[in-house]
Amino acid sequence: MAQQNPGERRTMRTSVKGPLMFSAFFAVLAFFAVLIFASGGSAKAPRFDLAFTGAGIAFIVTLVIAAMLSMSYKENAEHLGKGSGVNLSSRRPASSPQQAPQQEESDGGTPAH
């Protein structure tokens, strides 16, 4: 869960404003898109009923998706950001295939394949 302290300002992730603004933006976008495309041309009356219905649906759907995404957010474990990963260094590893034959020849043995 998110760390919340009473009296302190919430971050955008723990605040209610973020998902509401996100949902309101898509609701307004859906309202104008449905208002323009559902009327069928300039000779016909605009369909405000369909525009409000589309805006409501867009608002609810995006709000539910944003809520599910914010609830599923989880911080990574601290040990995952430490250590040397596979692709973190451009340095060659100690036992590369090019160095192996030189080491075996210096031992006087034959390479085992």
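Numbering of residues begins at 1 and proceeds along the displayed sequence.
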Other cluster members, [X] - Ile/Leu/Val/Met/Phe/Trp/Tyr, side-chain contacts below 4.5 Å:
X	answer
Leu69	Ile57, Val61, Ile65
Val34	Leu50
Phe25	Phe22, Phe26, Leu29

Heavy-atom side-chain contact between Phe59 and Leu20 under 4.5 Å: yes
Sequence neighbours excluded - salt bridge (Lys or Arg N to Asp or Glu O under 4.0 Å) pairs with any residue from residues 55-67: none
Taking only residues at least two apart or on different chains, which pairs with a member in residues 23-46 satisfy salt bridge (Lys or Arg N to Asp or Glu O under 4.0 Å)? none
Residues at least two apart in sequence or cross-chain that pass ring-ring contact (aromatic ring centres under 6.0 Å, His included) with Phe48, listed by chain then number, are none
Residues in ring-ring contact (aromatic ring centres under 6.0 Å, His included) with Phe37, at least two apart? none
Heavy-atom closest pair, residues [X] and [Y]:
X	Y	result
Ala30	Gly54	CB-O, 3.9 Å
Ala67	Ser70	O-OG, 3.0 Å
Ala66	Pro19	CB-CB, 3.9 Å

Pairs touching [range] that satisfy side-chain hydrogen bond (donor to acceptor under 3.5 Å, both in side chains), sequence neighbours left out:
range	value
residues 18-34	Ser23-Thr62
residues 47-57	Arg47-Asp49
residues 31-43	none

Restricting to side-chain contact (heavy atoms from CB on, under 4.5 Å), what partner residues turn up for Ile36, sequence neighbours left out? none
